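Below is one structure, written out as structure tokens, with a few remarks after it.
To find a chain, count down the sequence lines: A is the first, B the second, and so on, and within it residues start at 1. No experiment lies behind these values; they were computed from the predicted model shown.
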Amino acid sequence: MPRIFWVTCPHCAKRFYCHYEDLRHNSFDLRCPYCEREFPQEASPRIEE
Amino acid sequence: MSLRGFLDALERDHPDQIIHVTEPVAPAHFDVTAVLKHLELRRRYPLVVFDRPLDLRGEPSALPIATNIYATRERCALALGLRAEDAALGLSLDYARREALRVAPVVVSDAEAPVKQVVRIDDDVDLRELPVVRHHDMDAGPYIDMASVMRDPDSGAYNVAFLRNMYKGPRKLGLHMSPRHNWQIVRKHEARDEPTPVAIVVSHHPTFYIGALNVAPFGVDDYSLIGGMFERPLRLVASTTWGADFFIPADADLVLEGHVLPNVREVEGPFGEFPGTYGPQRVRWVVELTALNRRADAIYQDIFVGHPDNWVMGSFPKEGSLYNRIKGVVPTVKAVHLPTSAVGRFHCYISIDKRVDGESKQAALIALGNCDFVKHVVVVDSDIDVYREEEVLWAIATRVQADEDVDIITNVKGSTLDPSQHDDIMGAKMIIDATRPVRRPFEARIEVPADAMERTKLERLIPPDQLGRIG
């Protein structure tokens, strides 16, 4: 399994996870699968890696 | 060669294999997968037709949904024209036989192609008119999870593979690919800064998809290979977008055409994958749709990924080729099975008539060497039915001493989707030799005499209503 990090959505507070190499250190906004809103990962209240 | 023909035959000849959900359901809000999960909790795996699904706009869809088609080996055997009774080793070996066949496709005119009965182009394409299914809680959206066709720009060979497509807009999909054949085709186009033509075959006869599971090397034309699976030519028709430069299956129910945009990436996922865990959100490709082709009475098809519908498909296409390779070295091999309890990929049960110690490990190493999905191999004697998992576990319980009969091999290529694997590429493999030793006496398995079994057939001794009650 590729390395992942869990992220908490700043809008709905639900958690999901992302591919570390693809997304942890680049400029793509993340997209919450629950509320479908996009946000920069810096806006997340909690990132677990 | 049509899905509807297959469903009609199933209704007629095997009515126990198919049920209809006649009430309206909302596939984009998990209703379809929730029904399948309810059935799974009852250990029931029928093909399910949802007669009145809603589309992505929440309105009644013109297309019913057929799903769970591949959830039993018996139905996969029937799809290939075999008998349900042939669903064990017979299915695996027949798949291996057909996989070696090549039957060139034939091209028909638009008028002869049912898939061209309804054609939408460019801005008239609207995925919201389809009953696209959202499968699991953390999925990023509704997904089309059937097979896509791409064409190698160098050889011209068509490649057909299951790829997940995330709904992103009326004409826009997010595409995930692993570094396999279609990925190579897209990379070639991207190196030339060209879009990659892609045809998403959303619905067709099940044999088309069973054929798409082949493990032929890159460059083999999958349309010819799928023709081998049907044992007759696959009928093709010129695509709506690229004409005779790219053919699509003429007898499909629904085919979307589009371009993988060169060097464009967006976030895609998470998506519930075959191991029963979510693949993470990633940066992936984008498809812009150019055309929709469908039968007037098209049926939308979906696979319940991460469940038996997906696991059975992963197993029997590999079992036959593994059996044939093992037989070349261990001629007494009796059966090879990749059980659904291990997602149809990670565990491999092999039965042999062992003549000398060491043959078990030979057989196991061939399985590990030929299929990187396989993690754990259990080799049993031929008195164990590898399709009855409780027998395999009994053999492990009674014929294995862990310090003598278990081998672990480290740093072997594994599966990136195995959630327990730390490394992106490599993992550990395990061989359990659950066969009896040849070189020392070993206790015999208890058996009720065969003649007693024969003269006490339950149908002869117990009234049908009572027998029916116990299932």
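- Only the side chain of Asn26(A) comes within contact range of chain B, judged by heavy atoms closer than 4.5 Å.
- Interface residue Arg284(B): only side-chain heavy atoms are found under 4.5 Å from chain A.
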Show your working on salt bridge (Lys or Arg N to Asp or Glu O under 4.0 Å) between Asp22(A) and Arg282(B) and close with a plain yes or no. CA-CA 6 Å; Asp22(A) 278 9; Arg282(B) 299 202 63 163; 2.9 Å; yes
Check step by step if salt bridge (Lys or Arg N to Asp or Glu O under 4.0 Å) holds for Arg164(B) and Glu268(B). CA-CA 10 Å; Arg164(B) 70 191 202 209; Glu268(B) 179 274 337; 2.8 Å; yes
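- With no hydrogens or angles considered, a side-chain donor-acceptor pair links Asp193(B) and Asn263(B) at under 3.5 Å.
- Heavy atoms closer than 4.5 Å to chain B are found in both the backbone and the side chain of Phe16(A).
- Close placement of the His25(A) and Tyr20(A) rings is indicated, their centers lying within 6.0 Å of each other.
- No part of Met426(B) comes within reach of chain A, as not one of its non-hydrogen atoms sits under 4.5 angstrom from that chain.
- Results of the side-chain contact (heavy atoms from CB on, under 4.5 Å) test with Glu266(B) over Leu175(B), Val283(B), Leu261(B), Val286(B) single out Val286(B) as the only residue that passes.
- Proximity to chain A involves both the backbone and the side chain of Pro419(B), based on heavy atoms less than 4.5 angstrom apart.
- When heavy atoms are compared at a cutoff of 4.5 Å, Asp423(B) approaches chain A solely by way of its backbone atoms N, CA, C and O.
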